[in-house]
Amino acid sequence: MNKPILVTGCAGFIGFHICKKLLENGFNVIGIDNINNYYDINLKNKRLAILSKLHLKNQTWNFYKTDLINKDKLFEIFKEYNPETVINLAAQAGVRYSLENPSAYINSNIVGFSNILECCRSSKVKRLLYASSSSVYGGNTKIPFSENDPVNHPVSLYAATKRSNELMAHTYSHLYKLSCIGLRLFTVYGPWGRPDMAPMIFADAIINKKPIKVFNHGNMSRSFTFIDDVIQNIFDLMQKPAVIDQNFNCKYPNPSTSFAPNMILNIGNSESINLEKFISYLETEFGINAIKEYEETQKGDVNDTQADDSLLKNWIGDSPKTPLSIGIKSFADWYKNYYF
Ligand SMILES: NC(=O)c1ccc[n+]([C@@H]2O[C@H](COP(=O)([O-])OP(=O)(O)OC[C@H]3O[C@@H](n4cnc5c(N)ncnc54)[C@H](O)[C@@H]3O)[C@@H](O)[C@H]2O)c1
């Protein structure tokens, strides 16, 4: 029996897909999620139902409904299973909601993440992969966003918590030799996606013939990144953990590597797509024209994101590359099947 992999946020969009991939590849998986009601919990429960069916055919799947805040329970789970690898995806996600409910971000993303680090330390976990976000690039306008760029100007509390995670992970990596990779994820979309994110909001609006709010009057672009690419990259990174950068120079510190086994990597499609173009692909798939309402940029949002994928490519020989035409078709097919 291989050592189990512990995945937090397993009922979430990305967590579900990574657990599915791991179970399909014969890994034993422990999933943790508090199934919070930030969005429709039916979607989360349906994802979990798929995972629990998969394990009948394959390896062991153990799910715990618990909160990262519950340190005692977390310690109990880590002690019981002694995971070698931890993939931490549980977090309060979403930029805009961080203006409404900041404490949710402090609780899950700061306190919860510090509990994960403590559990990793006490159970001598070998490697931790955790979700950071492209939002850490904040007010930067140098495109594409590189891991070597300074990231000291976040424009939302969400981004600040994700940047804090990167700094906290580095400390544990240095002090306890915990190999850590921070995944700076760029706008992930695809089947079983998040209802609070633009692709699902747009799809709902188009289907129901309701107006789509197009922020910054359409002058927005994103490195829209297809879920299958993200999952393949995480899967490969799991098998190629961070190592000490032997050429690291403390006089001229490279922000993306370290004297500790710690790395930060962009996980994003290097092509940045204008929001209106993204909408037009959805219109084609659904055969309906969108009704658009142009508005100002929302507080906390950044106008453009674009991933520099060269470090990821150098490390694992791959990076997200699914074209929008293919990714959107897969998303729209799932959407029609799920909602109709
Ligand atoms: N989807 C994206 O485009 C994107 C982009 C950048 C970063 N991220 C990050 O990737 C990770 C996964 O994102 P996602 O899109 O799958 O989000 P998601 O909201 O679908 O999944 C997160 C899951 O974590 C659970 N959760 C939240 N707080 C918890 C807590 N305190 N204890 C236990 N479980 C908790 C939620 O119930 C949810 O099922 C998050 O950390 C998110 O911030 C996602």
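Not measured: the values here are computed from a predicted model. Both ligands and their constituent atoms are indexed starting at 1 by order of listing.
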Nearest-contact summary for [atom] - protein heavy atom, Å:
| atom | result |
| --- | --- |
| atom 35 (C) of ligand 1 | Asn34 OD1, 3.1 Å |
| atom 32 (N) of ligand 1 | Leu68 N, 2.9 Å |
| atom 16 (O) of ligand 1 | Ile14 N, 2.8 Å |
| atom 17 (O) of ligand 1 | Arg194 CD, 3.3 Å |
| atom 41 (O) of ligand 1 | Lys162 NZ, 2.8 Å |

[X]-[Y] side chain donor-acceptor pair, cut-off 3.5 Å:
| X | Y | answer |
| --- | --- | --- |
| Arg194 | Tyr189 | no |
| Ser223 | Asn269 | no |
| Asn28 | Thr60 | yes |
| Asp229 | Thr322 | yes |

Assert yes or no for the condition that the ring centre distance of Phe13 to Trp192 is strictly below 6.0 Å. no

Are Phe259 and His170 an aromatic pair by the rule of ring centers under 6.0 Å? yes

In this structure, CG of Asn254 is separated from CZ of Phe248 (nearest 0.5 Å) by 6.5 Å

Between the side chains of [Y] and [X], is the shortest nitrogen-to-carboxylate-oxygen separation below 4.0 Å, so that they form an ion pair?
| X | Y | result |
| --- | --- | --- |
| Lys240 | Asp236 | no |
| Lys79 | Glu76 | no |
| Glu276 | Lys292 | yes |
| Lys21 | Glu24 | no |
| Glu84 | Lys126 | yes |
| Asp149 | Lys142 | yes |

Cation-aromatic face contact Lys277/Phe224, 6.0 Å, 45 degrees: no

For [X], state whether at least one heavy atom is located under 4.0 Å from any atom of ligand 1.
| X | value |
| --- | --- |
| Ala11 | yes |
| Thr225 | no |
| Tyr130 | no |
| Phe186 | no |
| Ile35 | yes |
| Asn36 | yes |
| Arg184 | no |
| Ser132 | yes |

Should you measure from each heavy atom of [X], which atoms of ligand 1 turn up under 4.0 Å away?
| X | answer |
| --- | --- |
| Ala91 | 24 (O), 27 (C), 28 (N), 40 (C), 41 (O) |
| Val188 | 1 (N), 2 (C), 3 (O) |
| Tyr39 | 18 (P), 19 (O), 20 (O) |
| Met197 | 1 (N), 2 (C), 3 (O) |
| Leu89 | 11 (C), 12 (C), 40 (C), 41 (O) |
| Tyr158 | 6 (C), 7 (C), 8 (N), 9 (C), 42 (C), 43 (O) |

Any donor-acceptor pair under 3.5 Å linking the side chain of Glu147 with the backbone of Asn266? yes

Nearest candidate to [atom], where distance is taken over non-hydrogen atoms, out of [options]:
| atom | options | result |
| --- | --- | --- |
| atom 28 (N) of ligand 1 | Ser108, Ser133, Ser135 | Ser108 |
| atom 9 (C) of ligand 1 | Gly12, Ala93, Ala131 | Ala131 |
| atom 6 (C) of ligand 1 | Val95, Leu185, Asn107, Asn109 | Leu185 |

What do you reckon, does [X] have a nitrogen or oxygen under 3.5 Å from a nitrogen or oxygen of ligand 1?
| X | value |
| --- | --- |
| Ile69 | no |
| Asp33 | yes |
| Lys44 | yes |

